[in-house]
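Reckoned from all heavy atoms, side chains included, excluding hydrogens, waters and symmetry mates. All values derive from a computational prediction rather than experimental measurement.
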Amino acid sequence: MKASEFPHCDLNDLPADSKRVKPFVRELRLRAERETFSRVQLDLSDHFLIKFLRARDFDVDLALKLLINYHKWRQECPEISANLQPSSVIGLLKNNYHGVLQSRDDAGSRVLIYRIGQWNPKEFTAYEVFRVSLITSELIVQERETQRNGLKAIFDLQGWCFAHAFQINPSLAKKISCVLTDSFPLKVRGIHLINEPIFFRPVFAMIRPFLPDKIKQRIHFHGSSYTASLFEHFPKAIFPPEYGGTGPSMAEVCEEWTDFIMQSEEYLQKISVDLGGDSSQGSSCGHC
């Protein structure tokens, strides 16, 4: 069952309770019920399933594959997904490491900013840093407009040092690629790197082979003189003054998003994977 069978209707524009959408949700639910999801209390609500359908433009085959991969990834990577409570990464959040801009870009995408220089690798592991991304992803994927229009991420690599690089190994690189490609119901519309030092390239070279061509084509390196090229992809007005825009300051953006994460603690605790073990222990993420 595919959206192409309904050529005169953009299903992504319709609400989950639309009569045209419901057959797709029903079909995905029936097929998911036939699958084996070990150790998972499966959520088969319309609200949950619609995320996977929109992420794959209502191709039920692809949506089912994404749903299966999502649960496998969450189960096989407990060091990242087992504890999504904000308290586990509050130090990073309070240090203004990450924020989500108040305004979307012209395509309706959410715009996320990560500031690597605010990550102290002596205090936080790369897995905890990655957990911040997962927490944000789980929150913004609840938004209908984000389900339709996806996200764009900006990584400010000013302050990147060898201590950061030593934390990125092939195993983690593979897990990152899984989320970017086929294990999370969000459309990644662009990845933009600014202030990247030369010695970041070997780390990117480690991740790159795991990425599909469409993601590779959406990665942009802007260097230290980034404003002109960055604003070819984004409206200047939505950015903080620190990045040449006229929007709220980066401190305000980070504080606002941290407050939202803290207010979402009950939901994040609910969706955390509890494997009954130590969430700091690694795993192979073997399905990717």
Engineer: Would you name the heavy atoms of Leu268 and Ile261 that are closest together and state the gap between them?
Structural biologist: CD1-O, 3.9 Å
Engineer: Sequence neighbours left out, what passes salt bridge (Lys or Arg N to Asp or Glu O under 4.0 Å) with Glu145? Give chain and number order.
Structural biologist: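 Here the qualifying residues are Arg104.
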Engineer: Compare every heavy atom of Val100 with every heavy atom of Arg110, then report the nearest pair and how far apart it is.
Structural biologist: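 It is NH1-CG1, 3.5 Å.
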Engineer: Check the pair Phe48 / Val25 against side chain to side chain contact (heavy atoms under 4.5 Å, CB included), numbers first and verdict last.
Structural biologist: CA-CA 10 Å; Phe48 183 74; Val25 176; over 6 Å; no
Engineer: Kindly say whether Pro121 contributes a backbone atom to a donor-acceptor pair with the side chain of Thr125 at under 3.5 angstrom?
Structural biologist: no
Engineer: So, does Gln147 use its side chain to make a donor-acceptor pair with the main chain of Arg54 at under 3.5 Å?
Structural biologist: no
Engineer: Side chains of Lys187 and Asn149: does their closest heavy-atom pair fall under 4.5 Å?
Structural biologist: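 No - every pair of side-chain heavy atoms lies 4.5 Å or more apart.
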Engineer: Could you tell me the separation between the OG atom of Ser183 and the CG atom of Leu186, rounded to the nearest 0.5 Å?
Structural biologist: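 So the OG of Ser183 and the CG of Leu186 are separated by 12.5 Å.
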Engineer: If every non-hydrogen atom of Pro248 is compared with every non-hydrogen atom of Pro241, which pair is closest and at what distance?
Structural biologist: O-CD, 3.7 Å
Engineer: Identify, with sequence neighbours excluded, every residue that meets salt bridge (Lys or Arg N to Asp or Glu O under 4.0 Å) alongside Arg218.
Structural biologist: none
Engineer: Is there side-chain contact between Pro197 and Leu157, with at least one heavy-atom pair below 4.5 Å?
Structural biologist: yes
Engineer: Side chains of Gln167 and Val129, heavy atoms from C-beta outward: is any pair under 4.5 Å?
Structural biologist: no
Engineer: Checking side-chain hydrogen bond (donor to acceptor under 3.5 Å, both in side chains) between Thr146 and each of Gln142, Glu143, Arg144, which is the one that passes?
Structural biologist: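 Among the candidates, only Glu143 passes.
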Engineer: Determine whether a donor-acceptor pair (N or O, by modelled atom type, separation under 3.5 Å) exists between the side chain of Ser109 and the backbone of Asp105.
Structural biologist: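 A pair under 3.5 Å: no.
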Engineer: Are Arg29 and Phe24 in a cation-pi setup, meaning NZ or CZ lies under 6.0 angstrom from the ring centre and within 45 degrees of the ring axis?
Structural biologist: no
Engineer: Is Ile215 reachable from Phe210 through a run of I, L, V, M, F, W or Y residues, each pair having side-chain heavy atoms under 4.5 Å apart?
Structural biologist: no
Engineer: Should we count NZ of Lys65 as having more than 12 external heavy atoms under 6.0 Å?
Structural biologist: no
Engineer: How long is the straight-line distance from CG of Leu112 back to NE2 of His98, given to the nearest 0.5 Å?
Structural biologist: 5.0 Å
Engineer: Identify the heavy atoms of Lys175 and Ile80 that sit nearest to each other, and give their distance.
Structural biologist: CD-CD1, 4.4 Å
Engineer: Within the distance-only criterion (no hydrogens, no angle test), does the side chain of Thr258 pair as donor or acceptor with the backbone N or O of Glu255 below 3.5 angstrom?
Structural biologist: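 Not a single qualifying donor-acceptor pair exists.
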Engineer: For the pair His220 and Ser229, evaluate side chain to side chain contact (heavy atoms under 4.5 Å, CB included) and give the outcome as yes or no after the intermediate values.
Structural biologist: CA-CA 9 Å; His220 307 271; Ser229 61; over 6 Å; no
Engineer: Run the ring-centre check on Phe204 versus Phe221 and record whether the distance is less than 6.0 Å.
Structural biologist: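 Yes; Phe221 has its ring centre under 6.0 Å from that of Phe204.
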Engineer: Mind listing the closest non-hydrogen atom pair of Phe124 and Gly91 along with its distance?
Structural biologist: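 What the structure gives for the nearest pair is CZ-CA, 3.5 Å.
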Engineer: Going by side-chain heavy atoms closer than 4.5 Å, which hydrophobic residues are tied to Leu101, directly or by a chain of links?
Structural biologist: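 Answer for Leu101: Val111, Ile113, Ile154, Ile194, Tyr226, Leu230, Phe231, Phe234, Ile238, Phe239, Tyr243, Met250, Val253.
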Engineer: Are the side chains of Ile116 and Tyr97 in contact, using a 4.5 Å heavy-atom criterion?
Structural biologist: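 The answer is yes; the side chains approach within 4.5 Å.
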Engineer: Are Leu211 and Leu62 co-members of a hydrophobic cluster defined by side-chain heavy atoms under 4.5 Å apart?
Structural biologist: no
Engineer: So does Leu14 get a backbone contact from the side chain of Ser18, meaning a donor-acceptor N/O pair under 3.5 Å?
Structural biologist: no
Engineer: Please round to the nearest 0.5 Å and tell me the distance separating atom CH2 of Trp160 and atom CG of Leu193.
Structural biologist: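 Separation between the atoms: 10.0 Å.
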Engineer: Side chains of Pro185 and Tyr70: does their closest heavy-atom pair fall under 4.5 Å?
Structural biologist: yes
Engineer: Assess, by modelled atom type and distance only, whether the side chains of Trp73 and Ser81 contain a donor and an acceptor separated by less than 3.5 Å.
Structural biologist: no
Engineer: Could you tell me whether the side chains of Glu252 and Ser249 share a donor-acceptor contact shorter than 3.5 Å?
Structural biologist: yes
Engineer: As a quick check of understanding, evaluate salt bridge (charged side-chain N to carboxylate O under 4.0 Å, His left out) for Lys22 and Asp17, giving each step before the final call.
Structural biologist: CA-CA 6 Å; Lys22 278 190 172 295; Asp17 58 358; over 6 Å; no
Engineer: Measuring only between side-chain heavy atoms, which start at C-beta, is Asn120 closer than 4.5 Å to Leu92?
Structural biologist: no
Engineer: Nearest 0.5 angstrom please: Asp156 CG to Glu196 CD, how far?
Structural biologist: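 Asp156 atom CG to Glu196 atom CD measures 10.0 Å (nearest 0.5 Å).
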Engineer: If you draw a 6.0 Å radius around NZ in Lys236, do more than 12 non-hydrogen atoms from other residues or ligands fall strictly inside?
Structural biologist: no
Engineer: Measure the CD-CG distance between Glu128 and Leu134 for me, rounded to the nearest 0.5 Å.
Structural biologist: 13.5 Å
Engineer: Using the six-membered ring wherever Trp is involved, compare the ring planes of Phe155 and Tyr114 and label them parallel, tilted or perpendicular (cut-offs 30° and 60°).
Structural biologist: parallel
Engineer: Charged N to carboxylate O below 4.0 Å: is that the case for Lys270 and Glu265?
Structural biologist: no
Engineer: For Arg26, is there an ion pair with Asp46 - N to carboxylate O distance below 4.0 angstrom?
Structural biologist: no
Engineer: Restricting to non-hydrogen atoms, name the atom on Val60 and the atom on Arg31 that form the minimum distance, rounded to 0.1 Å.
Structural biologist: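 For Val60 and Arg31, the tightest heavy-atom pair comes out as CG1-NH1, 3.9 Å.
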Engineer: Give the C-alpha distance, both sets of side-chain angles, the deciding distance and a yes or no for side chain to side chain contact (heavy atoms under 4.5 Å, CB included) between His222 and His233.
Structural biologist: CA-CA 11 Å; His222 297 280; His233 299 270; 3.9 Å; yes
Engineer: Salt bridge between Asp13 and Arg148, side-chain N to carboxylate O under 4.0 Å?
Structural biologist: yes
Engineer: When you measure from the side chain of Gln158 to the backbone N and O of Asn195, does any donor-acceptor pair fall under 3.5 Å?
Structural biologist: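 Here the side-chain-to-backbone pair does not exist.
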Engineer: Would you say the side chain of Glu27 lies within less than 4.5 Å of the side chain of Pro23, judging by non-hydrogen atoms?
Structural biologist: no
Engineer: Do Arg74 and Glu138 sit within salt-bridge range, that is, some charged N less than 4.0 Å from a carboxylate O?
Structural biologist: yes
Engineer: As an exercise, state the distance from CG of Asp182 to CZ of Arg56, rounded to the nearest 0.5 Å.
Structural biologist: 7.0 Å
Engineer: What do the steps show when you test Gln269 against Glu266 for side chain to side chain contact (heavy atoms under 4.5 Å, CB included), and what is the final call?
Structural biologist: CA-CA 5 Å; Gln269 183 174 357; Glu266 184 176 346; 5.9 Å; no
Engineer: Just wondering, do Arg189 and Ile191 contact through their side chains at under 4.5 Å, heavy atoms?
Structural biologist: no
Engineer: Is there a chain of hydrophobic side chains (I, L, V, M, F, W, Y, each step under 4.5 Å between heavy atoms) that links Leu30 to Phe58?
Structural biologist: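 Looking at the clustering, Phe58 is in a separate group from Leu30.
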